[in-house]
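Hydrogens, waters and symmetry mates play no part in the numbers below; they use all other heavy atoms, side chains included.
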Amino acid sequence: MLFIINNARLLNGAGELVTGHIVVKDGVIQEVKFGESVSELTQNTEAEVVDAAGKLVTPGFIDMHVHLREPGFEHKETIETGARSAAKGGFTTIACMPNTKPVTDNAEVVSFVREKARQAGLVNVLPYAAITKGEQGQELTDFAALKEAGAIGYTDDGVGVQSAQMMKDAMALAASLDMPVIAHCEDNSLVVGAPVAEGSFAERHGLKGIPNESEAIHVGRDILLAEATGVHYHVCHVSTEQSIRLIRQAKEIGIRVTAEVCPHHLILSEEDIPGLDTNWKMNPPLRSRRDVEACIQALEDGTIDMIVTDHAPHSAEEKARGMLQAPFGIVGFETAFPLLYTKFVKTGRWSLDFLVKRMTETPADVFRLSAGRLQAGAPADLTVVDLEKEQEVNPEQFASKSNNTPFGGWKLSGWPVMTVVQGRIIFREN
């Protein structure tokens, strides 16, 4: 079965927007032609032809840090609703974190997640497995069995591994299996009881603050352990200037460290929080404007490799518990690209090519995925974006089960309007 996207705007090798077309057969890209549209193939009665009408077509977006909540927290999100939300945001591959109930710490739960994703038949779902049993930091999981079951890496995301010896043992074992360790960096002794960052907002509202060093201490420790073990060490949701300084230095001397950043840490600071609104409560918390600029510059110079959403759905009832009791986290799939396109590309700070690569090619390269590029032989995972479309963020219209976002009412441009996975349209704007 042929699938053809015609009259597309494509980014060529020089990062320029040109007209072109993409030909897909049996879920695989057969041909990408720049500088022309196709006419004769569209006459093939067996072909499904989509007229992109001059809209941008990119490789499907890749999000290497998401929370789908199933099993155990289906009131927040399920694998199916999360995948549907991801598709609406233009994502075709997502990697889900193991802090579920039960924790994804054994082969059976890994298999469950993969089967649920297969049944949903939407985006590609890649499960991470926990570093320690129950994410309790006391005993390593069976790394080999988890890899065999289909886990793509090991992380106790949601909590930091507090024991340096435990983390070193985990890194050594992961390295022996040629698998990455993905770290949520947080020293618990510095953060207990703190809902927001240390800074002016915390002071005004009489709240304990989460200091920058709580993240950076673990980053520095883990970089040294990664150097000792040779593991591929990936830092989750970087948010502080201190962490960036350490990662930059580690890369300069050849340690295998990569890193990610979220849209909210590139756009918002703690000075933007309007009040005791828990839709602004996330972990890592919103930091200072200096930290925001450090994150932007680190992404620009390659210290930070990729953009992720840390999509973290919670119910309205849970978020209504107040700043001290409400869970950390915001949803992110459906606003990620419009936020970044509006904030950085439309203002001229970034090129469109730069943004697209940080959401496609770079995460694919870091995690050795076959996706992320428009080229013959690659999976036909594609995103169509209407760069001219401008609309307000309406959380009530999210495909996610949850709508906890600080971006409600923001007017943004550059909305995904179609998502294709393995040559099959899984989302199309009505």
Polar side chain donor-acceptor pair, [X] to [Y], under 3.5 angstrom:
| X | Y | value |
| --- | --- | --- |
| S200 | E270 | yes |
| N283 | E186 | yes |
| T132 | E135 | no |
| T309 | D63 | yes |

Salt bridge between [X] and [Y], side-chain N to carboxylate O under 4.0 Å?
| X | Y | result |
| --- | --- | --- |
| R368 | D178 | yes |
| E271 | R289 | yes |
| E70 | K76 | no |

Self-check item: ring-ring contact (aromatic ring centres under 6.0 Å, His included) involving H265 - partner list, sequence neighbours excluded
Solution: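 H265 satisfies ring-ring contact (aromatic ring centres under 6.0 Å, His included) with no other residue.
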Exercise. Go through the steps for D157 and I182 under the test side chain to side chain contact (heavy atoms under 4.5 Å, CB included), then give the verdict.
Key: CA-CA 8 Å; D157 186 61; I182 295 90; over 6 Å; no
To the nearest 0.5 Å, what is the distance between [atom1] on [X] and [atom2] on [Y]?
| X | Y | atom1 | atom2 | answer |
| --- | --- | --- | --- | --- |
| Q397 | K88 | CD | NZ | 6.0 Å |
| T258 | D365 | OG1 | CG | 11.5 Å |
| E293 | I244 | CD | CD1 | 10.0 Å |
| E74 | E80 | CD | CD | 12.0 Å |

Quiz item: Where do E115 and Q119 land on the side chain to side chain contact (heavy atoms under 4.5 Å, CB included) test, with the steps shown first?
Solution: CA-CA 6 Å; E115 176 59 21; Q119 292 173 9; 3.0 Å; yes
Quiz prompt | Closest approach of L10 to I22 (non-hydrogen atoms, all atoms of both residues) | solution =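 Shortest heavy-atom contact: CD2-CD1, 4.0 Å.
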Quiz item: Closest approach of S85 and E334, non-hydrogen atoms and distance?
Solution: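 That closest heavy-atom pairing would be OG-OE2, 2.6 Å.
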Determine whether a donor-acceptor pair (N or O, by modelled atom type, separation under 3.5 Å) exists between the side chain of [X] and the backbone of [Y].
| X | Y | answer |
| --- | --- | --- |
| T342 | L412 | no |
| Y128 | M64 | yes |
| H67 | C96 | no |
| N99 | G158 | no |
| S239 | P284 | no |
| T81 | E77 | no |
| K116 | P71 | no |
| D156 | I131 | yes |
| K319 | N404 | no |
| K281 | A326 | yes |

Quiz prompt | V125 vs R114, side chain to side chain contact (heavy atoms under 4.5 Å, CB included): CA-CA, chis, key distance, verdict | solution = CA-CA 7 Å; V125 177; R114 295 183 69 198; over 6 Å; no
Practice problem: Please work out whether the ring planes of Y341 and F337 are parallel, tilted or perpendicular, with thresholds of 30° and 60°. | Solution: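 Parallel: the ring planes of Y341 and F337 meet at under 30°.
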Side-chain contact, heavy-atom cut-off 4.5 Å: [X] with [Y]?
| X | Y | value |
| --- | --- | --- |
| L299 | L266 | yes |
| P274 | W280 | yes |
| F398 | T405 | yes |
| L56 | L17 | yes |
| W415 | L387 | no |
| I247 | V238 | yes |

Is it true that, when you exclude [X] itself, more than 12 heavy atoms of the residues, nucleotides or ligands shown sit nearer than 6.0 Å to its [atom1]?
| X | atom1 | answer |
| --- | --- | --- |
| E300 | CD | yes |
| R221 | CZ | yes |
| R290 | CZ | no |
| K251 | NZ | yes |
| R248 | CZ | yes |
| E148 | CD | no |
| K168 | NZ | no |

Quiz item: Going through the checks in order, is the salt bridge (Lys or Arg N to Asp or Glu O under 4.0 Å) test met by E392 and K411?
Solution: CA-CA 4 Å; E392 287 188 1; K411 186 174 286 187; 5.0 Å; no
Quiz item: Tell me, which pairs form a ring pair (Phe, Tyr, Trp, His ring centres under 6.0 Å) where one or both residues lie in residues 367-391, sequence neighbours left out?
Solution: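 Qualifying pairs, neighbours excluded: H232-F367, H234-F367.
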Practice problem: Compute the ring centroids of F143 and Y154, then answer whether they are less than 6.0 Å apart. | Solution: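 Ring centroids of F143 and Y154 are less than 6.0 Å from each other.
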Quiz item: So, for H65 and H311, is the gap between ring centers shorter than 6.0 Å?
Solution: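 Centroid separation for H65 and H311: 6.0 Å or greater.
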Quiz prompt | Test side chain to side chain contact (heavy atoms under 4.5 Å, CB included) applied to R358 and V261, step by step | solution = CA-CA 10 Å; R358 288 346 175 250; V261 67; over 6 Å; no
